[in-house]
Amino acid sequence: MGTKMDHEPYTWKPNGVDRERSATRDGDGTDFEFDIDPSSMTRRPQKIVRIVRQTIPVLLLTALLLVVAGQPNLALLFNRSHANGPVQITVVCDVPWAVIRVDGHGPAIPCVSGVAGALPMARLTVDAGQHTLIATAEGFTPYSIYIVAHHDTPGLYLTQFALTPQADAGILDAVNAYLARTYAQDVTFPATLWQVLGLRTPPTGSSLVVREWFEATSLDSYEPFYTETTYQRPITPEQGAIGVAVVVVEHVSILDDCGTATLLERRMPVLYATRASVTFSARSSHDSWSVMEPYTLSPNADIYTSPRLAATQATPAGLLALTARTDLAAWLGNLSLLAGAVTATPLMGASHWAGGVVLTLENSSPSPPLGPGAGAHSDATWLYTAGVLTPLTPAAQSLSPHVPAALLPLTLNDLRARLASQPSRLCGGE
């Protein structure tokens, strides 16, 4: 028998990689050789981790699709089988002459007034999907509405226009033109009443001219225009018009005999319970505005008053009475007191409203009758004329001690008689 050689382990290094080569012998003396690679022991767990990482996103996406398939509204976002089908859209317009275009092109769909007092609407048809509705109206900046139209989902949208600066100025011009036509008046006072008119020195002439008018200074900064019926704006605008809320002031000038020199000027706010004194219906046509139907909020109205009863016509005498109430409320510091207790009547009647307003607070104190003109009741009476508030009775003086009382012992009847005797024209030939 040949000499038997033992096989010893040795190291084999192909391509620079260390490998251990081992040899074993089985029972019949046959030798078996195999390689041992240490890195193979860690490669298998890494492969398993890689397979799990690749599988998890697939499983999550499958679960998400199953959830979406069970939600019809969500499924519409993924299922576009009706992408080209028509969808009905309704746009409620706060400007009656507005038009709507889909994606800025195509036919202009006008807003149409339906039931009286309701907002006009535009009804149009679009394809399912994303769109931009472009609403335009003369006098207002364009308004864009971004929509996603779905089947079986009601599409109801509202425009919210904003006036352009040119329209803001145009409305003020139209309101002031309206006020200039019938809301201005001259009344002649005897010069002996110069203290009642608030002058500090007596005039040189025998009479004075009080020129009264009203001026719109701005639109209400909080709600410049409206189309709905609310407590603050109780009357719906005229058909095809918008409502504009205008801040108005009383403007007074006191002139000498022939009106050649202005002795004094005053501006008083026409305010009571709202910031906007006068509300008009306004229409736009070819870059020009027209206004109509002015009204004010009644001092006796509250939030429970019906819209028609909450509003009163904005006559010149009514605006002057509203200004007088505001002035008295400022002196008394009690706005709620005036709502139900104070009455305001023109001194010379509605046709001569610039003569002033008599304010009466009935049963103001339990004291006995108060001097000339006080009557049989303890009423507090004030005269408001030429922008000046004057107490005429002791009861009025006690309620407004900071207001100078009338220095002349005149009753209201005497005052009316003296004003009625004044000539309507002062200078010869006029």
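Only a predicted model underlies this, so the values are computations on that prediction, with no experimental measurement involved.
Taking the side chain as every heavy atom from C-beta outward, Ile145 and Ile100 never approach each other to under 4.5 Å. Using a 4.5 Å heavy-atom threshold, the side chains of Leu361 and Leu328 count as separate. Between Val358 and Arg416, some side-chain heavy-atom pair lies under the 4.5 Å cut-off. No side-chain heavy atom of Cys93 sits under 4.5 Å from any side-chain heavy atom of Leu119. The shortest distance between side-chain heavy atoms of Ser144 and Ile134 falls below 4.5 Å. Between Leu415 and Leu193 there is a side-chain heavy-atom pair separated by less than 4.5 Å.
In this structure, Tyr384 has its ring center no closer than 6.0 Å to that of Trp331.
Using the six-membered ring where Trp is involved, Phe280 and Tyr178 have ring planes that are perpendicular, over 60° apart on the 30 and 60° scheme. Classified by interplanar angle (parallel below 30°, tilted 30° to 60°, perpendicular above 60°), the ring pair Trp289/Phe140 is perpendicular.
The backbone N or O of Thr381 sits less than 3.5 Å from a side-chain atom of Thr393, completing a donor-acceptor pair. Although no hydrogens or angles enter the test, the distance criterion places no donor-acceptor pair under 3.5 Å between the side chain of Asp127 and the main chain of Pro86. Side-chain atoms of Asn176 come within 3.5 Å of backbone atoms of Ala216 as a donor-acceptor pair (strictly under, hydrogens ignored). The main-chain N or O of Ala354 is found under 3.5 Å from a side-chain atom of Gln185 such that the two form a donor-acceptor pair.
Considering all non-hydrogen atoms of both residues, Leu297 and Pro234 come closest at CD1-CG, 4.1 Å.
None of Thr279, Thr315, Thr312 except one satisfies the side chain to side chain donor-acceptor pair (under 3.5 Å) rule with Thr296; the exception is Thr312.
Surrounding CD of Gln130 are at most 12 heavy atoms belonging to other residues, nucleotides or ligands under 6.0 Å away.
Residues forming a salt bridge (Lys or Arg N to Asp or Glu O under 4.0 Å) with Arg267 (at least two apart in sequence, or on another chain): Glu215.
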Item to check | Step-by-step side chain to side chain contact (heavy atoms under 4.5 Å, CB included) determination, Val175 to Val278 | outcome: CA-CA 10 Å; Val175 171; Val278 187; over 6 Å; no
Item to check | Intermediate values then yes/no, side chain to side chain contact (heavy atoms under 4.5 Å, CB included), Ile254 and Val209 | outcome: CA-CA 6 Å; Ile254 301 179; Val209 175; over 6 Å; no
